[in-house]
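Every number for a ligand or one of its atoms is a count from 1 in the order of the listing. Atoms considered below: every heavy atom in the structure, side chains included; atoms not considered: hydrogens, waters and symmetry mates.
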Amino acid sequence: MIFPALEVKNISLEITDGTTKRNLLTDVSFNVDPGEVVGITGPSGSGKSTLLSIIGCLETATSGSATLHGADTLELGTVSGRQAAEIRRRHLGIVFQQPNLLPALTAKEQLMVMSRLDKPFGISGKTWRQQEEKAERLLKEVGLEGRENAKVSELSGGQQARVNLARALMNDPALLLVDEPTAALDTANAQRVTELIVDLARERNTPVLYVSHDQEQLATLDRRIELVDGKANEAELATT
Ligand SMILES: Nc1ncnc2c1ncn2[C@@H]1O[C@H](COP(=O)(O)OP(=O)(O)OP(=O)(O)O)[C@@H](O)[C@H]1O
């Protein structure tokens with residue numbers, strides 16, 4: 001039996017809105033294949049970022065499951081605490097809207113921080129030098145060859161978004177989750193970064209969930225899922 005890389009089944013989240021309870025997400029189900037980039041879209045407040053947080057083990061669903069099939073089969077939607085942190089560190093790449101880069105560090109050092117979190121050897125048992133080579137290789141892949149030693153203040157917004165992306169790839173994630181990573185960029189730069197994400201996903205066979213409002217960017221992706229009133233829009237799914 002061939003599994004999709006990511007299987008999301010009937011994810012629901014009940015939230016408390018003031019004094020009333022309501023379902024922010026209701027029975028959201030979809031699959032993502034290896035190397036496929038799926039856009040998550042929908043009106044503001046429809047739960048896009050929350051869905052990504054559940055799949056990214058940052059929040060837990062009230063019910064349902066999100067299963068990642070890779071070297072290990074991992075349940076993502078319901079784990080919390082130390083187990084969730086371990087899954088994020090080892091298996092997930094998460095890119096938020098704000099790069100949150102450390103101002104005192106160079107581009108390469110932003111990536112090396114990921115290795116430092118995993119002392120004495122890297123995530124996959126690699127030495128410090130091997131991790132350093134990996135950081136250099138990733139920066140080259142995102143188009144930053146020659147900028148490895150530049151500090152954040154010396155990098156443009158587009159370059160910072162690329163460092164942010166490279167950093168999320170340091171652990172060779174089995175799933176990449178990106179939440180409006182180009183919101184701070186002009187249209188041309190935003191489109192280039194989106195195309196880079198699609199290329200990297202295909203080259204690495206990594207499934208990607210990409211939250212965006214931008215129709216032009218969404219058109220670059222393999223397909224899209226629209227969240228409307230907490231439900232995934234199946235009609236849109238079927239036509240894409
Ligand atoms: N566990 C929770 N408890 C209460 N409220 C929550 C919880 N999780 C999310 N929310 C609320 O649900 C709403 C939806 O948030 P979310 O950021 O997921 O929407 P979004 O579709 O990503 O919006 P935007 O496009 O504006 O970024 C927000 O008002 C958020 O505060």
K.L.:
Ignoring hydrogens, just give me the one of Gly47, Ser212, Ser53, Ser44 whose non-hydrogen atom is nearest atom 19 (O) of ligand 1.
P.N.:
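Among Gly47, Ser212, Ser53, Ser44, the closest heavy atom to atom 19 (O) of ligand 1 belongs to Gly47.
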
K.L.:
Test your reading of the structure: does Thr16 have an N or O sitting under 3.5 Å from an N or O of ligand 1?
P.N.:
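Between Thr16 and ligand 1 (N or O atoms, distance only) the closest approach is not under 3.5 Å.
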
K.L.:
Is atom 31 (O) of ligand 1 touching the protein, meaning some protein heavy atom lies under 4.0 Å away?
P.N.:
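Answer no: nothing from the protein, no heavy atom, is under 4.0 Å.
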
K.L.:
Tell me: protein heavy atom nearest atom 7 (C) of ligand 1, and distance?
P.N.:
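The answer is Ile15 CG2, 3.6 Å.
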
K.L.:
Could you list the atoms of ligand 1 found under 4.0 angstrom from a heavy atom of Lys48?
P.N.:
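Counting atoms of ligand 1 from 1, those under 4.0 Å from Lys48 are 18 (O), 19 (O), 20 (P), 21 (O), 22 (O), 23 (O), 24 (P), 25 (O).
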
K.L.:
Under 4.0 Å from ligand 1, counting heavy atoms only, is it the side chain of Pro43, its backbone, both or neither?
P.N.:
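For Pro43, only backbone atoms sit under 4.0 Å from ligand 1.
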
K.L.:
Any salt bridge between Glu36 and Arg202, counting N to O under 4.0 Å?
P.N.:
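Salt bridge flag = no for Arg202 with Glu36.
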
K.L.:
Who gets closest to atom 18 (O) of ligand 1 by heavy atom: Leu25, Thr60, Leu13, Thr50?
P.N.:
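Selected option, by shortest heavy-atom distance: Thr50.
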
K.L.:
Is any side-chain N of the basic residue among Arg192 and Asp186 closer than 4.0 Å to the acidic one's carboxylate O?
P.N.:
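Asp186 and Arg192: not salt-bridged.
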
K.L.:
Report yes if some N/O of Leu24 lies less than 3.5 Å from some N/O of ligand 1; otherwise report no.
P.N.:
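No, no N or O pair falls under 3.5 Å.
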
K.L.:
Using a strict 4.0 Å threshold on nitrogen-to-oxygen distance, state whether Glu132 and Arg129 make a salt bridge.
P.N.:
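Result for this pair is yes, salt bridge flagged.
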
K.L.:
Is it the case that ligand 1 has an N or O less than 3.5 angstrom from some N or O of Ser49?
P.N.:
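Min N/O separation from ligand 1 is below 3.5 Å for Ser49.
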
K.L.:
I'd like to know if Asp172 pairs up with Lys134 as an ion pair, taking the criterion as any Lys NZ or Arg NE/NH1/NH2 lying under 4.0 Å from an Asp or Glu carboxylate oxygen.
P.N.:
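Counted as a salt bridge, because a side-chain N and a carboxylate O are separated by less than 4.0 Å.
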
K.L.:
Hey, looking at atom 14 (C) of ligand 1, which of Gly18, Gly45, Ala183 has the closest heavy atom?
P.N.:
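The option holding the nearest heavy atom is Gly45.
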
K.L.:
Under 4.0 angstrom from ligand 1, any heavy atom of Gly42?
P.N.:
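No, Gly42 has no heavy atoms under 4.0 Å from ligand 1.
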
K.L.:
CG/Asn164 to CD1/Ile94 distance, rounded to the nearest 0.5 angstrom?
P.N.:
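Nearest 0.5 Å value for the CG-CD1 distance: 11.5 Å.
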
K.L.:
Does the protein put a heavy atom less than 4.0 Å from atom 4 (C) of ligand 1?
P.N.:
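Under 4.0 Å from atom 4 (C) of ligand 1, at least one protein heavy atom found.
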
K.L.:
Does a side-chain N-to-carboxylate-O contact under 4.0 Å join Glu136 and Lys140?
P.N.:
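Here Glu136 does not pair with Lys140 in a salt bridge, since their nearest N and O are not under 4.0 Å apart.
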
K.L.:
Salt-bridge test for Arg90 and Glu86: reply yes if a basic N is under 4.0 Å from a carboxylate O, no otherwise.
P.N.:
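Salt bridge present between Arg90 and Glu86.
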
K.L.:
May I ask you to decide whether Lys9 forms a salt bridge with Asp27, counting only side-chain N to carboxylate O separations under 4.0 Å?
P.N.:
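No, no charged N to carboxylate O under 4.0 Å.
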
K.L.:
Kindly check if the number of other-residue, nucleotide or ligand heavy atoms within 6.0 Å of CD (Glu195) is above 12?
P.N.:
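Check passes, neighbour count above 12.
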
K.L.:
For atom 1 (N) of ligand 1, which candidate among His213, Glu59, Lys21 provides the closest heavy atom?
P.N.:
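When every heavy atom of His213, Glu59, Lys21 is considered, Glu59 comes closest to atom 1 (N) of ligand 1.
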
